[in-house]
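Each chain gets a letter, A, B and so on, in the order the sequences are listed, and its residues count up from 1.
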Amino acid sequence: MRKIWDIHGGVHPNENKTQSLGEPIVLSAIPPYLYVPLSQHIGAPAQPIVKIGDNVLKGQTIASANAAISVPVHAPSSGIIFAIENKSVPHPSGIDDMCIVIKTDGLDQWRERNTNKDFSQLSGDELLSIIRNAGIAGMGGAGFPTAIKLKGKNNKPIDTLIINGTECEPYITADHSLMLENADDIAMGLAILAKIIKPKTILFGIEDNKMDAVNGIEVALEKIDFSAYSDHAIDVEVVSFPTKYPSGGEKQLIQILTGKQVPSHGLPADIGIVCHNIGTAVAIQDAVCLDHPLISRVTTVTGEAVSQPRNYHVLIGTPVSFLLEQSQYRADVSNRLIMGGPMMGFALNDASVPIIKTSNCVLAPTETELPSPPPAQACIRCGMCAEACPASLLPQQLYWFSQGKELEKLEQHNIADCIECGACSYVCPSNIPLVQYYRASKTDIKQREVDHHNAELAKRRFDTRQDRLLRLEQEKIAAKEARQTARKNSNKTDKHVSLTSTASNDSAASSKSTEDRDATIKAAIKRAQEKKSASAATNEDPVARAQAKREAQLEQDQADPEAKLTRAVENAQQRLEKLHIKFSEAKKNNDKNITIIETGLEKAQAKLISSQQALDDHQKISFTNDKA
Amino acid sequence: MALMRVTSPHAHNRQTTGQVMQLVLLATLPGVLALTFAFGWGTLVNILLAVIFAIALEASALKLRKRPIKFYLNDYTAIVTAVLLAIALPPYSSWWIILVGIFFSIIVAKQLYGGLGYNPFNPAMVGYVALLISFPVAMTSWPAPIYLTPDELSIPNPINALLIALTIIEQPIIDGFTMATPLDLVRQNDALMIEDLINEYPQFGRWSGYGWEWVNLGFLVGGIFLLQRKIFTWHTPVSMLLAILIMSALFYDGGSSASAGSPLFHLLGGATMFGAWFIATDPVSSAASNKGRVIYGAGIGLLTFIIRKWGNYPDAVAFAVLLMNFSAPLIDHYTQTKPYGHNTQKKS
């Protein structure tokens, strides 16, 4: 037996899991319309590749992943594209987001599939691309693209793969029923994961309130020789541990199973661990072995306001209301609809929102079951929250600082380490919605960072503009001086020429005078430039100075790529300005090089536009990076 | 029914602040019973008057502050403060003493700071200290234990006890109705060995003051009940008692005339147990983290002993608690918990 570690804090809410385990998983009907959001995962939304009116088959890609962190979206059933528009989606803030609406034809006709693949013949990269193309994102709740998580980082080898079958949230039994009914699929998904990751140890963590699942999984795992998928032996162990909320949090589960803690602001990969949900394992199995993209999932429908609490195999995009009808939802006694569990789930604005890849539960409680929160009383700093906090924070202090919007203090007290599990609010005798305060404060901190960054950008932009205006002014003066000197000189030569021209013939004289004038203009410009550079380079050696300047520039560039881009824009502007002057001069003088100068001018303009673009892009990227 | 928009968590365990406070009240019972057995009905009269005054003052303060009165009275904290102050006062205190004490507790220490949760000092102890400084004679006249009272008939019955408190009838001025407390005797003693002192004065019992032993044991039982119900953690009371134990052991010196009394004398004497389990554990004014609570409790124990031995007041828990209330924010600043994931960060 493996040593089980304890986590700090935790609570024991009523489990309420038996209600929805009464019958096996039911296949939900196909709704008349499917609302498939483009953003069901962490990262950039998928881009639609279908048009309104297109016929789509079940499993066909309808939106592709064009960004680095994104996953594609597939048609959950066959039908025609009815609309691509903003619809209400399951989100804590109740916002609308882009959805592809499919009018189903009821035929549920599959696209062509390449089934019965033997995955052991495929390489890790091939498997990863299958997983990515199947649109799989973590099904435990966060929805991070699975392929990216699996790819990991080269410098961080993974030696432990943890499969999360904890399901510590009350009421939810989606994972539990999946473990009971699809243990072999889970085992096969695990084998695929083992082939990709090649860990030394696989730990399958299940809470001890699901011993039937523990036994089933143990039997299923024994059938597979995991070491065959790797060049080294793989230890596989199913570990059951005492039921306590929130044992199923990724960080908490890692501590329970290994005794290690994920570094603050770090990832499990930093300590050689990766965690996957069992729903994800099944989705991987379906994608690799059956060529079945992620278009359905198991969702628990429970609560006293539904007469038939149970689990459904439900198509992504099915409206919650359609699902509730199948369980005989009684709207008159339901006081709220929760997507997710009672501890971390969010209340829905209306029942028209669709089931998405991360929807593990729809909870419809009655008022007696989950009463409305009473008004909050004063915090008496009793410390029950600190005893319950799985992250060992001091929630009462965080609450105090949140009220005063003391953001620095909040950061000092590590509000970033709060996992928003709700254990503190659960035990609070004064009914204070603590987690809500922390969410608001986290947003305040993020907003402050964004504001700070924007202010910095604006300041830099302003400074650069001031510099540029100043330089343009100086150049104008210099150019004016140069013209004046040139005119003075040319007057002199003209006189000289007119004196000599009397002795020679007119045409020769005139041509010579043109040549002379050109030469003197050039000479004047050169002198002016020399004068300018001399005045710029005070007393030092101009060459050394230029070198030093260049070096400084290089250093600066490495430190700040944005400055480099800004300078490129400025250079392009300067060149354009100079060419403009040259061009107008050439025009005045009817120079034969005018066409050459003109093309140069066009090129300079293009260069300016492209460098401006590059700068904008860079700013956008760094902005989004900072935001992330 | 319209769908409700509330944030997670949706589930809640049903314990409320009012229930916590009721448990605290329940836990004072053994100590209060012991006090009543030892000193007569005076303690119960104290409690009755204090609770009435506290509710009245709390309600009027809430009304002035335009707060919902019933909602805040339902948290029972005013009653807890009143009971704790009433226990600390000498039995048979006059009504105006109680009223002044409650005024300082409820109005000055609590409502003027913004009500429950915003008071930096323990309200009951603020009231007690205000009284001790203002009316030192009345506050230090503890009645003698019933069993030492020479004339059994002079022990007031409940009605007389109430009338005494309302100053309608005079306190019986029988010699021996009030007596120096054991703590006083030990502090003022500089001639007798401790053993002789105990033999000389009848106020001493087996280990500590007569009657006081049982009072302290009563509060110990109540405290352990609250600990078992997880109303507070062990850190503050245990570290406070340990600090008193260690200090009194260091300065016992075998019981010479300069001795401060035995460790058991201190642990079971005066307000030690009451202070440890009911006063120092007041969460609002104490340190937040468990490590902080150990420091906070030890500080109270240390100061209690120092004031008992070298100070001018007969008991010291109230002053020690207030002084440590001052330092609670400082302690909090230096004793933040180490959250998940911060141990590993240093190593890697």
| Between B/Ser286 and chain A, which part of the residue has a heavy atom less than 4.5 Å away: side chain, backbone, both or neither? | backbone
| note | Bottom line for A/Thr366: the part with an atom under 4.5 Å from chain B's heavy atoms is neither
| Are side-chain N/O atoms of A/His12 and B/Asn13 paired as donor and acceptor at under 3.5 Å? | no
| query | Just checking, is any N or O donor in the side chain of A/Ser392 or B/Thr337 under 3.5 Å from an acceptor N or O on the other one? | reply | no
| Residues B/Asn74 and A/Gln377: side-chain donor-acceptor under 3.5 angstrom | no
| said: How long is the straight-line distance from CE of A/Met344 back to OG1 of B/Thr7, given to the nearest 0.5 Å? | reply: 12.0 Å
| said: Quick check: do B/Val6 and A/Ser372 have side-chain heavy atoms less than 4.5 Å from each other? | reply: no
| Euclidean distance, A/Cys379 SG relative to B/Leu116 CG, rounded to 0.5 Å | 8.5 Å
| task | Using a cut-off of under 4.5 Å on heavy-atom pairs, state which of A/Pro13, A/Cys382, A/Gly341 scores highest against chain B. | result | A/Cys382
| request: Give a yes or no on this: more than 12 heavy atoms of other residues, nucleotides or ligands lie within 6.0 Å of atom CZ of B/Arg229. | output: no
| field | Non-hydrogen side-chain atoms of A/Pro375 and B/Phe71 separated by less than 4.5 Å | value | yes
| message | Less than 4.5 Å to any heavy atom of chain B: does that hold for the side chain of A/Asp417, its backbone, both, or neither? | response | side chain
| query | In terms of heavy-atom pairs under 4.5 Å with chain B, which of A/Val435, A/Leu363, A/Leu394 leads? | reply | A/Leu394
| Under 4.5 Å from a heavy atom of chain B, the part of A/Gln403 involved | side chain
| query | CZ of B/Phe225: more than 12 outside heavy atoms within 6.0 angstrom? | reply | yes
| said: I want to check something: taking the side chain as every heavy atom from C-beta on, are B/Gln336 and A/His413 in contact at a cut-off of under 4.5 Å? | reply: yes
| Is it the side chain or the backbone of A/Ile338 that comes within 4.5 Å of chain B heavy atoms, both, or neither? | side chain
| Do B/Ser8 and A/Arg439 have side-chain heavy atoms sitting under 4.5 Å apart? | yes
| request: Calculate, to the nearest 0.5 Å, the distance between atoms CZ and CG belonging to A/Arg381 and B/Asp282 respectively. | output: 9.5 Å
| query | Can you check whether B/His10 reaches A/Met343 side chain to side chain, under 4.5 Å on heavy atoms? | reply | no
| field | Residue pair A/His8 / B/Tyr340, side-chain heavy-atom distance below 4.5 Å | value | no
| query | Among A/Ile419, A/Leu393, A/Asn14, A/Asp270, who wins on heavy-atom pairs under 4.5 Å with chain B? | reply | A/Leu393
| Given that the side chain runs from C-beta out, which part of A/Glu387 has a heavy atom under 4.5 Å from chain B: side chain, backbone, both or neither? | side chain
| Proximal to chain A - members of residues 20-32 of chain B, heavy-atom separation under 4.5 Å | B/Val20, B/Met21
| message | When you measure from the side chain of B/His12 to the backbone of A/Ser425, do you find a donor-acceptor pair of N or O atoms at a distance under 3.5 Å? | response | yes
| Contacting moiety of B/Asn290, where chain A heavy atoms sit under 4.5 Å | side chain
| request: Quick one: pull up NZ in A/Lys409 and NE2 in B/His333 and give me the separation to the nearest 0.5 Å. | output: 6.0 Å
| request: Check each atom of A/Ala386 against the heavy atoms of chain B and say whether the ones under 4.5 Å are side chain, backbone, both or neither. | output: neither
| Any residue meeting ring-ring contact (aromatic ring centres under 6.0 Å, His included) with A/Tyr399, in chain and number order, not counting sequence neighbours | A/Tyr437
| said: Shorter than 4.5 Å, heavy atoms on both sides: which option in B/Ser285, B/Gly114, B/Ala288, B/Gly18 has the most such pairs with chain A? | reply: B/Ala288
| note | Separation between CG (B/Asp75) and CD1 (A/Ile380), nearest 0.5 Å, reads 8.5 Å
